[in-house]
Structure formats: C-alpha cells, structure tokens
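One-based numbering, in listed order, for ligands and for the atoms of each.
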Amino acid sequence: MTRPPGRWLQRELRRRLMLPVLAIVVISVVVSAFNAHALVERIFDRWLLDAAHSLGSQVRFQGGQASVQLSPQSESVLTYDVVDRIFYEVLQDGRHVAGQPGLPQLGRKATRYRHNSEAFDASYGGIDVRVGRVQVQGPHGDSAVVLVAETRTKRELALRAQVLVFAPVAILAVVAWLVVSSAVRRTLRPLRRMAQAWNDGSHTSLEPMATQDVPRELMPFAVALNDLLARVRELLLRERHFAATAAHQLRTPLAGLQLGLARAAACPDLASTRAALDELASSTQRAARMVQQLLALSRVDPAARGAIEMVDVDLVALAREVGEAYMDAAQARHTTLELDAGEQPVHVQGQPSLLSEALGNLIDNALRYTPPGGRVTISVRPEPPALGVADSGPGIAADETDKVFDRFVRGRGMTGEGSGLGLAIVKEITALHRAEIVLGRSEELGGLAVTLRFPAA
Ligand SMILES: Nc1ncnc2c1ncn2[C@@H]1O[C@H](COP(=O)(O)OP(=O)(O)O)[C@@H](O)[C@H]1O
Ligand SMILES: [Mg+2]
C-alpha cells in the first residue's frame, strides 16, 4: 500500500498531546531532583551541626581560656560513622584548642542555620568534606568555634537513591504515551470508518451515504459530500436524458438520409438522380444543423457555466453582423430583414459567440415561420439594454408560450424542418447572461416579438 500524501491527523494529535506531557514530566523530574538534593543536604547538615553543638557543650572556659576534655568514649561516639570519616577541631580566636588542627573555617555553598551555626563545602587534606561550624559562648563574653567535618559519601549515596524515585515517573511517562496513542486512535476511528464506507459506497453508487454514525464535527463534510453526490446524480440523469433524446431525434434525419440514398440508387436516369441528391443534400444540412444545435446546447450546460468568460459586447454591432449573415436566407424567402437600432453602441457583459448563436436562432425562427413576402426586424434598445426580433408571421399561441422553450418541443402542427432546440438554446444563453426573455405580439408587424432584456450595465 502506498502512503497517501499530506499530514497524518493521528500523528499530529499524538505529538501535540505528548509534547506537553513530556514537558511536564521533565520539569517535574528536574524540580524534584533539585528539591531532593536540598533536602538531603539539609538533613545531613542537621546531624553534622548536632554533633558540633554537643561538642560545643563540652567546651569549658577557665580564666578566659577555652578547653575541651573528651573521654575516649565520647570521642569515639563523636567520630564514629560507618561510611564517612569525621574530623573535628575547637578554636579560640583562631588558635587551635583541640581536635585535628587545620580544619577549613570557610567554604562554598554555605547554609546558615539557627544558633550561630552554618555548614559549607570545603576540602580537607585533599578530601571533599562538608563542615559544620558552631560558635560557642562562654559565661564572661568568651567564645570559641567548633568545627565538625565529614566526608560526602553518605550524601552521595542518598542522592543516588533518587533514581528509585524517578523510575516510576519514567514508567508513568510511558503509560501516558500509550494512553494518549490509544485515545487518539480510538477517537479517529469513526473518521477512518467513514472514509472507508464512503470509498466503498461511491465506487458502486451515487446514493447518499448514511449519516447516523457520523460524529458531529464531521457532519458538515458528510452533508457537503451528500449534496455533491446529489448534484452529480442530477447532472448525470440530465445528461443521460439529453443523450437519449438527442440520439432519438437524430434517428429521424438519418433514416431520411438512408431512404434518400436508396431512392437515389434506384433512379433510372441522371435527372431524377440529381433531384434525389438535392433532397439528400438538404436533409444532410438539416442533420448538420441539429448536431450544431446539440453542440451549442451542451456548451451552455449549467455545469460548464463557470468556465465561460464574459467580455464587453456591443449589441448594435453584434446585431448588424448576425443580421448580415442572414441576408441571403431572407432574400431567398422574399422577406425583408431590417435592423432597428440607434447610432450609439449598447454595451452589455456577455459572451459574443453565445449571443450570436441566440440571436441567430431567433432570426432563423422568424424567417422560417413568417410566410414569404413578410418582414423581420432586429431591434436594439439602450435603456435597459435589450435585443429583440419581431416578425409579421403567425406568432405563438398563448397556451404554447411556456412549452416552446423546452428542448425538442415544437409548436403544434410544425412539420417542416426543425428540431425544437432553437428556443431552448436561446433560453439557456439568456439565463447565462442573467437576462430576461419576453415573448409577445409585435404591435408593428403583428407576428411574434421576442426580446432579451439584459441587466442594466
Ligand atoms: N418566430 C416565430 N413565429 C411563430 N412561431 C415560432 C417562432 N419561433 C418559434 N416558434 C414556435 O416555437 C417552436 C419552437 O421553436 P424552436 O425551439 O426554435 O424549434 P424549431 O424551430 O426547431 O421548431 C417552433 O416549433 C414554433 O412552433
Ligand atoms: Mg427554431
């Protein structure tokens, strides 16, 4: 299976949840390590200063002279320790009185305690020691200093034991990771299930998907997808219907062609063959026109609308150009084709080739349904912009005015050439331009008047 591109929601969620958890774990480990260290130092400092105080209580002042009388038992009690070595010294005004001489009197990381005492780190004879220092007051303002020092082994051991405290924290972090991972996976499971269901479903049908199991956050997607499916379904149905009708409609001219060909083949002489071929030529033209109209319709299909580019179009110039193209056809029917427009251009936003197609269909109808010798007028009006075609023909019966815009619908009793697509094309193109179609009776000419009214520029 290839990995789909893009981000993994699951990974991102896990990362976003785990980073804070890990940060909390690390911070709490650092803070508790710091606290534990301070606590260990404090506890052992107390013991050290207790020893110094009890030694201080043995100091005697006689005539301003400090002295210490320690029995061997007391001394061994004072200096006994299983793991560390202990040293002591008593001084008066910087002068050695008792104990091991030369213990440091100052050092680093000093901590002050009550009763004139403090503890600090120092080095004695090349060994790292912690020293407790106590000031002892005599009865007549005399004073002495008691120092007790011990190596740091106990303290180091105690600090190392902290690992035992942090091991559970590490385990907790791992557990948190597992919990977060599984929670994220479970939360995202409906998403995956939905995607799967939709994937499976959309392969086989365009039916809407069931939404009862969809989580609320995903509901907008589900609704949007179902909407899309509905639109696709509708479009497909329309297309299918259109294709079926078009195929059906094309069958008639094709059958005519076949028949004409057979007749031409059976003609006994050149003259009748030529007549049959002429007929064939005109039915070929009809079929070609129908195909062209079908193409025009598919071009203005609602699905393709977004792709159509609107430009500035001068309706007067457009009417003149299209009208000229129909001059020959009008002459052939002895019909007068005129343009009724002012000197000024009339601008609308539109697609020139589609507008020409619409106008062409209107002129074609007017010429086709107006009896020979009649009149057809193309008119352009500026306010609001309007384009119209009027003729002196029979017009459209009131009960037919709605239906004639449907595809493949022709007026009652229309047996001549025609596919019923012309006005449908005009309707689609008009809608595309947000214009309005008005069907009516021409006051001047008496026949049909079709007007396209465009939104004011
Ligand atoms: N200028 C017109 N005068 C009278 N009837 C018309 C005119 N234009 C259209 N019609 C009626 O409207 C119907 C539909 O027109 P159209 O969609 O162009 O199809 P077609 O021209 O192929 O019949 C025509 O069959 C005809 O009955
Ligand atoms: Mg027509």
Side-chain angles (χ1 to χ4, degrees), residues 241-242 245-254 256 282-301 319 322-323 325-326 329-330 332-340 354-379 386-432 435-452:
H241 179 75
F242 182 61
T245 325
H248 183 78
Q249 296 291 326
L250 277 172
R251 264 218 309 253
T252 317
L254 282 179
S282 74
S283 45
T284 311
Q285 221 165 26
R286 280 200 296 278
R289 165 127 183 99
M290 186 180 223
V291 168
Q292 188 242 321
Q293 283 189 311
L294 284 173
L295 281 176
L297 257 184
S298 71
R299 266 208 300 161
V300 293
D301 193 90
V322 178
Y326 279 89
R333 293 184 62 87
H334 308 290
T335 301
T336 318
L337 180 58
E338 299 160 319
L339 173 64
D340 171 13
L354 291 181
L355 287 176
S356 300
E357 176 78 32
L359 181 58
N361 273 292
L362 291 178
I363 300 174
D364 180 79
N365 279 349
L367 292 177
R368 201 182 293 274
Y369 300 118
T370 303
R375 284 175 65 193
V376 172
T377 308
I378 309 167
S379 61
L387 179 65
V389 176
D391 61 53
S392 59
I396 296 180
D399 61 331
E400 284 189 317
T401 47
D402 290 336
K403 277 179 282 166
V404 286
F405 288 105
D406 290 345
R407 294 171 178 199
F408 302 111
V409 170
R410 309 198 65 205
R412 254 193 310 273
M414 290 292 151
T415 46
E417 280 178 31
S419 55
L421 289 175
L423 288 182
I425 292 171
V426 173
K427 185 178 95 176
E428 296 284 1
I429 293 176
T430 311
L432 203 65
E436 183 191 4
I437 304 184
V438 186
L439 273 195
R441 180 155 292 274
S442 163
E443 282 178 16
E444 198 195 333
L445 302 177
L448 185 72
V450 186
T451 310
L452 311 186

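Residue contacts with ligand 1 include Ser419, since one or more of its heavy atoms lies under 4.0 Å from the ligand. Within the 4.0 Å heavy-atom cutoff, Ile396 counts among the residues contacting ligand 1.
If you check which protein heavy atom lies closest to atom 12 (O) of ligand 1, you get Val404 CG1, 3.3 Å. Distance from atom 7 (C) of ligand 1 to its nearest protein heavy atom, with residue and atom name: Tyr369 CD1, 3.4 Å. Nearest to atom 9 (C) of ligand 1 among the protein's heavy atoms is Asn365 ND2, 3.4 Å. Of the protein's non-hydrogen atoms, the one nearest atom 2 (C) of ligand 1 is Leu448 CD2, 3.5 Å. Of all protein heavy atoms, the one lying nearest to atom 1 (N) of ligand 1 is Asp391 OD2, 2.9 Å. The protein heavy-atom contact nearest to atom 23 (O) of ligand 1 is Arg410 NE, 2.6 Å. The single protein non-hydrogen atom nearest to atom 25 (O) of ligand 1 is Gly411 N, 2.8 Å, given as residue, atom name and distance.
Backbone and side-chain nitrogen or oxygen atoms of Gly420 are examined, and one is located within less than 3.5 angstrom of a nitrogen or oxygen of ligand 1. The N/O atoms of Arg368, backbone and side chain alike, include none that comes under 3.5 Å of an N/O atom in ligand 1. Considering both main-chain and side-chain atoms, Pro394 never comes within under 3.5 Å of ligand 1 through any nitrogen or oxygen pair. Of the polar atoms of Arg412, none of the N or O atoms is found under 3.5 Å from an N or O of ligand 1, judged by distance alone. Inclusion of Leu423 in the set of residues having an N or O under 3.5 Å from an N or O of ligand 1 is warranted.
A donor-acceptor contact shorter than 3.5 Å is absent between the side chain of Arg407 and the backbone of Leu421. With Tyr326 contributing its side chain and Gly360 its backbone, the two residues share a donor-acceptor pair below 3.5 Å. Here the side chain of Arg333 pairs a donor or acceptor atom with the backbone of Thr370 at under 3.5 angstrom. Remark: side-chain polar atoms of Glu400 are paired, donor with acceptor, to backbone N or O of Arg412 under 3.5 angstrom. Checking side-chain atoms of Ser392 against main-chain N and O of Arg375 turns up a donor-acceptor pair under 3.5 Å. Proximity of a side-chain donor or acceptor of Asn361 to a complementary backbone N or O of Leu423 within less than 3.5 Å is not detected.
Scanning all heavy atoms of the two residues, the minimum distance from Ala330 to Leu337 falls at CB-CB, 3.9 Å.
No side-chain heavy atom of Glu357 sits less than 4.5 Å from a side-chain heavy atom of Glu428. Proximity of Leu250 to Leu294: side-chain heavy atoms (C-beta onward) are separated by under 4.5 Å at one or more points. When side chains are defined from C-beta on, Pro253 does not count as touching Arg286, because their heavy atoms never get closer than 4.5 Å.
Annotation: the span from Thr430 atom OG1 to Ile425 atom CD1 amounts to 11.0 Å, rounded to 0.5 Å. To the nearest 0.5 Å, atom CG of residue Leu387 and atom CG of residue Leu355 are 7.5 Å apart.
Contacts between Val409 and ligand 1 below 4.0 angstrom, taking non-hydrogen atoms only, involve the backbone exclusively.
Put simply, Asn361 stays out of reach of the Mg ion (ligand 2), with no N, O or S atom under 2.8 Å from it.
Below 4.0 Å from some heavy atom of Gly418 lie the following atoms of ligand 1, by number and element: 22 (O). Within ligand 1, counting atoms from 1 as listed, the ones closer than 4.0 Å to a heavy atom of Ala366 are 1 (N).
The option with the heavy atom closest to atom 4 (C) of ligand 1, from among Gly422, Ala397, Gly395, is Gly395.
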